[in-house]
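So the structure is just underneath, and the comments pick up after that.
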There are 2 protein chains.
Amino acid sequence: MRPREFDHDEVLRVAFEQFWCKGVRGTSLSDIAREAGVQRGSLYNAFGSKEALFLAAYERYAGEYLGAIQKVLGSGSLRKRLTAFFDLTIKNFRSGSPPRGCPTTRGLMELGSAEGEGLDENARQAFADLVSRITDLVQGALSEGAARGEFDGAPEIAALHIVTVTRGLAVLERAFDDEAQLRKIAAHTINLVLGKEGR
Amino acid sequence: MRPREFDHDEVLRVAFEQFWCKGVRGTSLSDIAREAGVQRGSLYNAFGSKEALFLAAYERYAGEYLGAIQKVLGSGSLRKRLTAFFDLTIKNFRSGSPPRGCPTTRGLMELGSAEGEGLDENARQAFADLVSRITDLVQGALSEGAARGEFDGAPEIAALHIVTVTRGLAVLERAFDDEAQLRKIAAHTINLVLGKEGR
DNA sequence: GAAAGTATTTGACACGATGTCAAGAACATG
DNA sequence: CATGTTCTTGACATCGTGTCAAATACTTTC
C-alpha cells in the first residue's frame, strides 16, 4: 500500500492545539490542514470526520493530563496534594496567550442537547470519562488522607465537590480572566474541605 | 415607514429557545427564521447579525432569570435561601427534554480565545455580568445571614465559592445527566458553608 | 387625495465549511 | 514487471453567514 505522507501524531498535536484555542466548531479542517501541511482530504481519509479527528486528538491530551494529575495527587500531605491539584488545574487552562481555557469543560458545554447537533455521544463519553477518572484520583487522595487523620468526612462526596469546583473555576476563568480570583477560590475550597490552616 | 411584520419579542423568545437547546453555533438563522415564520433577511435587517440577535435574546433571559434568583434569595432563613437558590439553579438547566443545560455557562465556554472567533467581547460581558450579579445577590444573603448569626465567615469569598459550585454543577450536568448527583453536591456545599445540619 | 420618502421584505449572490467521490499516484507483493 | 491496496488530490453537492439591490407597504407632506 501507499505509505502515509504525514506524521499521524504530529497532526493530532497540531489539531488539538487549534481545537483548544478556537473551539471545535470554531476550527475548520482547512485550518488544521494548512497548519499541519496536509491536504484536507487526507484528514478525512485518515480520521473519517472532524468529530473523529477531534476525539483522537482529545484522547491524546486526556491521557497526558490525567498522568500529570495522578502524579501531583500521589505524594505529600493531603493539603499539599490538593494544593498541587488545583495549581495544575488552573495552570492548565491559564496556559497560552491568550489563555486557552479548559478543553474538557468547553467540550462538555458545546455538546448539543438534541441529536445530531454539535459533538455526539462519543465525545460526551470521553469528556465524562476524564472527569470521572479525576474524581476517582481525588477521592483516592482523600481516602489516604483520612487514613492518616488529615481529613475527616466522606471522601466520595468531598471529591465530587472538589471536582465540581474545578469545573466552576474553568467557567469563571472565561468570565473574568482573573487568575488571582481563581487561586483565592481554590484556597478557600481547600480550607473548607480540610478545615482552616493549622491542621 | 413600512411597519414590521413580526413581533420583535416573540422572535427573541423563539430564537433563545433554539439557542438554548442547540447552542449558538449549532443554531442557524434559517432555523430561527423558519420557526418564527420570518424571512432570514428580516432578521439581519432587524438585528444586524446572528451574534447581536443572540445577545438581545440572552439579555431578555438574563433579566428574567436574575429576577427569579433575587426572589428566592430574599426571604427565609439563610439555609432556606441557599437551598432555594441551588434548587432554582439546577431546575433551570434541567428544564426541557432533553435538559437544555445552562445557557450562561455554555455561552461562556463557547467564547473564542482568539479575536473574531465565536462570540465576541460583548457576549462575554453579558455572561460575566449575570454571574457577577448573582454573586452579589448571594453575598447579600450571606451578609444578612451573618448579621443574624446564621453564618460565620467572609461573605465575599463564600459567595464566590458558592457561585463557582453552581457553574461546576452546570458542567457536571452535561457530563453525567444525573440530577440526584447535582442535588447531593448542592446539599454538601451548603453544609460546608453553613456547617452541618442542626445549626 | 396624490406624491415622496423611508423602513421592511424578498431573493440573488459571494464566500467558506463539511463531507463525498472518482481518478491519479506510490508503494508492497507475486 | 504486473497487480492490488492505500493514500492523495481536486471537483462537487450542500448548507451556513452575511451583503446587496429591487420591490413593497406604510407615513408624511403638499
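Chain A is the first sequence line, chain B the second, and so forth, proteins listed ahead of strands; every chain is numbered from 1.
For the segment residues 2-15 of chain A, residues with any heavy atom less than 4.0 angstrom from an atom of DNA chain D are, sorted by number, A:Arg2, A:Pro3, A:Arg4, A:Glu5, A:Phe6.
Ion pairing of B:Glu179 with B:Arg183 is present here, as a side-chain N (NZ or NE/NH1/NH2) and a carboxylate O approach within less than 4.0 Å.
For B:Lys50 and D:dC15, the NZ to C1' distance is 12 Å, given to the nearest whole Å. B:Asn45 places its CG atom 17 Å from the P atom of D:dT24, with the value rounded to the nearest Å. Residue B:Tyr44 contributes atom OH, which lies 17 Å from atom C1' of D:dA21 at whole-angstrom precision. We find that CZ of A:Phe47 is positioned 13 Å from C1' of D:dC7, with the value rounded to whole Å. Note: CE (A:Met1) to C1' (C:dA28) measures 7 Å, nearest angstrom. Residue A:Phe19 contributes atom CZ, which lies 13 Å from atom P of C:dA17 at whole-angstrom precision. For the pair A:Gln18 CD and C:dA17 C1', the interatomic distance rounds to 15 Å; values are reported in whole Å. Atom CG of B:Leu43 and atom C1' of C:dT10 are 13 Å apart (whole Å).
Listed by chain and residue number, nothing satisfies the ring-ring contact (aromatic ring centres under 6.0 Å, His included) test with B:Phe93 (two or more places apart in sequence, or in another chain). Judged as a ring-ring contact (aromatic ring centres under 6.0 Å, His included), and not counting sequence neighbours, B:Phe86 has no contacts.
Between the side chain of A:Arg124 and the main chain of B:Ala175, a donor-acceptor pair closer than 3.5 Å is present. In this structure, A:Glu150 contributes its side chain and A:Leu78 its backbone to a donor-acceptor pair below 3.5 Å.
For A:Asp31 and A:Ser28, the side-chain atoms include at least one donor-acceptor pair closer than 3.5 Å.
When the side-chain nitrogen and oxygen atoms of A:Ser42 are compared with OP1 and OP2 of D:dC7, none of them lie within a distance under 4.0 Å. Residue B:Gln39 places at least one side-chain N or O under 4.0 Å from the OP1 or OP2 atom of C:dG11.
Nearest-nucleotide positions on DNA chain C place A:Arg34 closer to the 5' end than the other of A:Arg34 and A:Gly48.
In this model, a side-chain donor or acceptor of A:Arg40 finds a partner on the base of C:dG19 within 3.5 Å.
In summary, the aromatic rings of A:Tyr58 and A:Phe19 are positioned with their centroids too far apart to meet the 6.0 Å limit.
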